[in-house]
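A quick note: this is a predicted structure, and the numbers were derived from the prediction, not measured. Chain letters run A, B, ... following the sequence lines, proteins first, then strands; residues in each count from 1.
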2 protein chains.
Amino acid sequence: MKEGPDIAQIGALIGDPARANMLAALTGGRALTATELAGVGGITVQTASTHLAKLEAGGLLAQRKQGRHRYFTLADEAAARLIESMMGFAAGRGHLRHRPGPKEPALRKARICYDHLAGDYGVRMLDSLIASGAIDAIGDGLALTQKGENDLKGIGIDVGDLRSSRRPLCRSCLDWSERRAHLAGSLGKALLSSFLDKGWARRTAESRSIMFSQEGDRQFLRLFPVDA
Amino acid sequence: MKEGPDIAQIGALIGDPARANMLAALTGGRALTATELAGVGGITVQTASTHLAKLEAGGLLAQRKQGRHRYFTLADEAAARLIESMMGFAAGRGHLRHRPGPKEPALRKARICYDHLAGDYGVRMLDSLIASGAIDAIGDGLALTQKGENDLKGIGIDVGDLRSSRRPLCRSCLDWSERRAHLAGSLGKALLSSFLDKGWARRTAESRSIMFSQEGDRQFLRLFPVDA
DNA sequence: GCGATGCTTCGGTTACGATCGAACTATGAA
DNA sequence: TTCATAGTTCGATCGTAACCGAAGCATCGC
């Protein structure tokens, strides 16, 4: 029996805790080596190696050899979206690996979600963009308005460049901590990049959280106000 | 270790072949009994029972007791979307359970996807609605136009009723056989229902395919033309 | 009450796959 | 060349979870 795609294969791939941890870590967007991934998975390198091979064969991971290192990333945006949508679903059902830890608050405030900003700040940014009329929310979709395009130019983002990529400009992404949407897509990526470039924020070494500087915090809150 | 939602749990739930088959069968939208699900899973009822309990505990399934039967459905639209997005991803990677079988062509032509029309006909319908200006495609999102609302009234669908539900009116859903989008959301559901009510099409007993009558076929193709 | 049907729980078996130690290959540095 | 680091492959072990037979509830029809 049966017609249709084989869900069980990729389910099983994601279903192993060690592999799931590695995938979640790669949600952070940066490429990691096999040894680093063994660390986040809590397993030895040999074991990690076989896991990584399976994930790559399953189309979830891509690797790039560089010298004697092997850097792994999520295969593409589709893979990233799958993982993120599973995180959203899992969070909605209370399937949390709740070991609160000290990094938690920072993670809820602002973190990276593949290549864009998530957490409280990510949600706030999208809300603000919609409230100001820079983005229209239509059904599930998001569309940049003319006003939005002008506003963005003011902070140094040229939307024309972004449109040339095949990737959608705006996409909404469900936030597992806030359970509300934040902005993904090439525009989401560009915005985060600009914050990092401006020195408003920086990525932390070992976690997916994003640390805003005092000045960056001030600027961000000014740029994306929320009226309650 | 780790912060964040536990992907591994639901991954493992979906990762078992028997469970995956049951979930895929429920993608057909209709409620199935435990014994029926045991059949599609290819296992005995005892085993199915434990699987179903796990799926329910995991928030993927909901059950409704009715007499001495227990009817299972996907827990909600979020669960359905997760399964469908996994099917889309799996299909894109060529993870097919290819046992072509005789039902395949019918399935590719028209099938039910949770509660709306998918397959060749589903894709065609959305394409046609966009081409005629009834629906605007904006980024990832779909929005019904005024013209669309009028057109729909002509075939007996009152959009006002649909808007009252909290569920989004239009949503695009990736088709695993066509690898293109078709129309989901409450409007997608309403359209399929109207085809069934009109007698243009009927659901088959054991498969997810939808059979159009000769007359239904003619009407459908007239209503949703594609100019090539 | 009775048996029949639908489903769950229990107990024991079995198989698959995750795991690691050890040996092996590849790249880089000295 | 030799040593060190990064990663893979092999072989063997071990745990977990899927599985089914049998027994136990629950609900229906009579």
Side-chain angles (χ1 to χ4, degrees), chain A residues 1-2 6-26 30-58 60-73 75 95 97 206, chain B residues 1-2 6-26 30-58 60-73 75 95 97 206:
Chain A
M1 54 203 57
K2 253 16 17 159
D6 191 0
I7 291 186
Q9 273 187 41
I10 54 174
L13 239 32
I14 303 176
D16 179 82
R19 285 196 290 256
N21 282 338
M22 299 197 254
L23 289 168
L26 290 171
R30 88 173 75 199
L32 298 174
T33 67
T35 353
E36 288 171 322
L37 287 168
V40 311
I43 48 181
T44 61
V45 273
Q46 314 84 293
T47 313
S49 180
T50 70
H51 281 316
L52 291 169
K54 285 179 191 175
L55 288 171
E56 197 189 356
L60 282 162
L61 252 48
Q63 62 161 311
R64 189 162 28 101
K65 270 186 87 161
Q66 206 164 103
R68 53 180 159 180
H69 292 276
R70 248 185 168 76
Y71 285 95
F72 289 86
T73 55
H95 289 261
R97 229 170 350 168
E206 261 310 306
Chain B
M1 54 199 54
K2 283 310 90 122
D6 190 359
I7 292 186
Q9 275 186 41
I10 55 172
L13 280 175
I14 304 177
D16 178 82
R19 285 195 291 257
N21 282 338
M22 298 196 253
L23 289 168
L26 289 171
R30 88 174 75 199
L32 297 174
T33 67
T35 350
E36 287 170 324
L37 287 168
V40 311
I43 49 181
T44 61
V45 275
Q46 314 83 293
T47 313
S49 180
T50 70
H51 280 315
L52 292 168
K54 286 179 190 173
L55 287 171
E56 197 190 358
L60 282 162
L61 253 48
Q63 61 160 311
R64 189 161 29 99
K65 272 185 85 163
Q66 208 164 101
R68 52 183 159 178
H69 293 274
R70 247 183 169 77
Y71 285 96
F72 288 87
T73 55
H95 288 263
R97 228 171 350 169
E206 263 307 307

*Asks:* Return the set of residues passing side chain to side chain contact (heavy atoms under 4.5 Å, CB included) with A:Ala12 (not counting sequence neighbours), or none when no residue passes.
*Replies:* none

*Asks:* Of the non-hydrogen atoms in A:Phe72 and A:Leu26, which two are nearest, and what is the gap between them?
*Replies:* O-CD2, 3.3 Å

*Asks:* Just the rounded figure in Å: distance from C1' of D:dA18 to CG of B:Leu52.
*Replies:* 14 Å

*Asks:* Partners of B:Thr33 by side chain to side chain donor-acceptor pair (under 3.5 Å), sequence neighbours excluded?
*Replies:* B:Glu36

*Asks:* Identify each atom pair where a protein N or O and an N or O of nucleotides 15-20 of chain C are less than 3.5 Å apart, giving names and distance.
*Replies:*
residue : atom : partner : partner atom : Å
C:dA18  : OP1  : A:Arg19 : NH2          : 3.1
C:dA18  : OP2  : A:Lys54 : NZ           : 2.7
C:dT19  : OP2  : A:His51 : NE2          : 2.4
C:dC20  : OP2  : A:Thr44 : N            : 3.2
C:dC20  : OP2  : A:Thr44 : OG1          : 3.0
C:dC20  : OP2  : A:Thr47 : OG1          : 2.9

*Asks:* Looking only at heavy atoms, which two atoms of A:Gly58 and A:Ile10 are closest? And how far apart?
*Replies:* O-CG2, 4.5 Å

*Asks:* Provide, to the nearest angstrom, the distance between the CD atom belonging to B:Glu56 and the P atom belonging to C:dT9.
*Replies:* 11 Å

*Asks:* Checking B:Thr47 now: which residues fulfil side chain to side chain donor-acceptor pair (under 3.5 Å) with it, not counting sequence neighbours?
*Replies:* B:Thr44

*Asks:* Which residues satisfy the side chain to side chain contact (heavy atoms under 4.5 Å, CB included) test with B:Thr73, sequence neighbours excluded?
*Replies:* B:Ala31, B:Ala62

*Asks:* Can you list, in residue-number order, the parts of residues 63-72 of chain A that come under 4.0 Å of DNA chain D, counting heavy atoms only?
*Replies:* A:Arg68, A:His69, A:Arg70

*Asks:* If you take all heavy atoms of A:Lys54 and A:Leu13, which pair is closest and at what distance?
*Replies:* O-CD2, 4.1 Å

*Asks:* Mind listing the closest non-hydrogen atom pair of A:Ala48 and A:Ala38 along with its distance?
*Replies:* CB-CB, 3.6 Å

